[in-house]
Amino acid sequence: LLLMSAIATPADFPPPDKLPSAAEFPDVLTARDGTKVTTRKEWEEKRRPELKALFEHYMYGRFPEKPKQVTAKVLFEDAKALDGKGTLREVELTFGPPEWPKIYLLVATPNDKTPAACFVGPNFGGNHLLTPHEKVRVPTAWVPANYPGVEKGTNKATAAGRGKQADTWPLRQVVEKGYAVATFYCGDVQPDRPNVREGMRATLPPAEGGAPGDETATVMWWAWGCHRAVDFLVTDKAIDPKRLAVVGHSRLGKTALLAGAFDDRIAVVIPHQSGCGGAGPSRSKNPKAEPVKRITTVFPHWFCGHFSAFGDDTTKLPFDQHGLIAICAPRPVLLTNAEDDQWANPPGQFDMLAAAAPVYKLYGDDRPVAAKVPEQGKLSDERLGYFIRAGKHAMTPDDWKVYVQFADKWLR
Ligand code: GCU
């Protein structure tokens with residue numbers, strides 16, 4: 001029985017109103033039983049698993065098991081795509097049970113540099129938005145109405161959207177820098193809407209008694225999709241399995257951070273403008289930033305049922321988002337932001353890096369984060385990196401230059 005005390009069990013998760021309050025960010029190195037973690041061994045064996053279990057239970061829902069089988073089929077391959085600089089492929093990933101959704105991974109690899117380091121992550125509206133290439137599949141799953149080429153009233157993507165958001169994942173630009181890129185439509189894994197049992201959510205038994213509690217939520221499913229993409233990438237000859245960076249924007253930035261935290265095969269983690277529920281603190285002091293109450297009301301499906309209970313009182317949360325960053329240690333994490341996007345809480349995100357630093361120090365990095373927020377447009381390329389540019393909420397070719405700059409340092 002004594003042996004069990006180090007492992008979190010469901011009985012360790014009291015309802016939110018029974019949890020102690022803490023106005024400050026809970027110390028990453030203090031375990032729930034009050035003991036102070038001082039070694040890497042204690043961190044890895046006790047506190048890190050404890051934090052992961054807490055994030056699963058109270059925020060993102062259960063971490064889904066790896067499927068027994070992941071099968072990849074190349075749907076097309078074009079070595080002349082990207083003006084001859086790179087090869088474009090689309091790879092269909094299937095997972096055994098025929099009713100499970102498939103993932104279509106768009107993979108761009110440099111022709112002159114293999115195996116290449118690779119950026120991997122989900123996209124918002126379909127691979128076909130990212131390139132005019134005619135062979136790229138148009139999604140058949142539900143897509144949000146406001147994306148280019150989506151048929152009015154039906155939420156169906158059409159070929160009219162081809163290439164219309166090529167700037168968000170600038171394949172050629174990144175391939176020219178010697179990196180591969182792999183991306184998939186997030187909605188193939190889990191469509192971005194509440195109250196519908198579709199996508200991977202439909203593979204779970206129906207929730208009993210109404211309240212989904214710690215049922216795997218949408219952001220966790222999207223992270224699961226990243227992990228399945230990684231399953232393929234680590235087997236691909238054109239990719240270096242040790243040099244994978246996960247990237248995502250906004251709700252998919254929240255996803256990138258969670259995906260990095262829960263999969264050690266990912267070497268670098270880049271949540272872009274991820275905000276509340278990502279790298280932004282739940283205990284926010286920024287009046288312009290999105291609060292937990294708002295996010296759990298407007299986007300209830302992103303998080304598990306338990307998280308909504310913290311909307312009125314985030315001091316009850318047994319962690320804050322620096323815990324998720326700390327789980328990534330000692331792997332580099334870069335938080336990228338924009339000045340006009342206070343909704344994503346850029347200053348609060350910097351606080352999260354600073355609060356995660358003690359764990360990175362355990363791994364021997366004495367100065368893992370800059371002493372203060374770097375000036376606008378200047379990358380702070382510490383292991384816990386930070387960047388803020390002028391402008392608004394968007395993922396742009398200039399942002400990709402910064403991801404590449406950071407990768408040039410940490411994935412060489
Ligand atoms: C909304 C939401 C944010 C989210 C963003 C996005 O603004 O409130 O939390 O990050 O959408 O995904 O673009």
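Each ligand, and each atom within it, is numbered from 1 in the order the structure gives. Each residue takes its place number in the sequence, starting with 1.
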Got a sec, which pairs hit side-chain hydrogen bond (donor to acceptor under 3.5 Å, both in side chains) with one end in residues 92-104, sequence neighbours left out?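 Non-adjacent pairs meeting side-chain hydrogen bond (donor to acceptor under 3.5 Å, both in side chains): zero.
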- Query: When the ring planes of F124 and Y147 are compared, do they come out parallel, tilted or perpendicular, using 30° and 60° as the limits?
  - Reply: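 Ring orientation, 0 to 90° scale: parallel.
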- [ ] On the 0 to 90° scale, with breaks at 30° and 60°, tag the F303-F307 ring pair as parallel, tilted or perpendicular.
- [x]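 Taking F307 first and then F303, their aromatic rings sit tilted (interplane angle of 30° to 60°).
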Next item on the list: Give the residue and atom name of whichever protein heavy atom lies nearest to atom 7 (O) of ligand 1, and the separation in Å to one decimal.
Entry: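 The answer is W343 NE1, 3.2 Å.
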Heavy-atom nearest neighbour in the protein, as seen from atom 2 (C) of ligand 1, with distance rounded to 0.1 Å:
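Its nearest protein heavy-atom neighbour is F299 CE1, 3.4 Å.
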For W222, give me all partners under side chain to side chain donor-acceptor pair (under 3.5 Å), at least two apart in sequence or on another chain.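 Result, side chain to side chain donor-acceptor pair (under 3.5 Å) vs W222: none returned.
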**Study point:** Ligand-residue contact atoms, ligand 1 with I295, heavy atoms, under 4.0 Å
**Key:**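 Matching atoms, with element in brackets: 9 (O).
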Problem - Atoms of ligand 1 close to S250 [distance to a heavy atom under 4.0 angstrom, numbered from 1] - result: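 Answer, ordered by atom number: 4 (C), 5 (C), 6 (C), 10 (O), 12 (O), 13 (O).
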If the threshold is 4.0 Å, N to carboxylate O, is there a salt bridge linking E44 and K52?
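Result for this pair is no, no salt bridge flagged.
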Any nitrogen or oxygen of H393, side chain or backbone, less than 3.5 Å from one on ligand 1?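 Yes; the residue has a nitrogen or oxygen that sits under 3.5 Å from a nitrogen or oxygen of the ligand.
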Where the closest heavy atom to atom 11 (O) of ligand 1 is concerned, which of K254, E290, H249, R251 has it?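 That would be R251.
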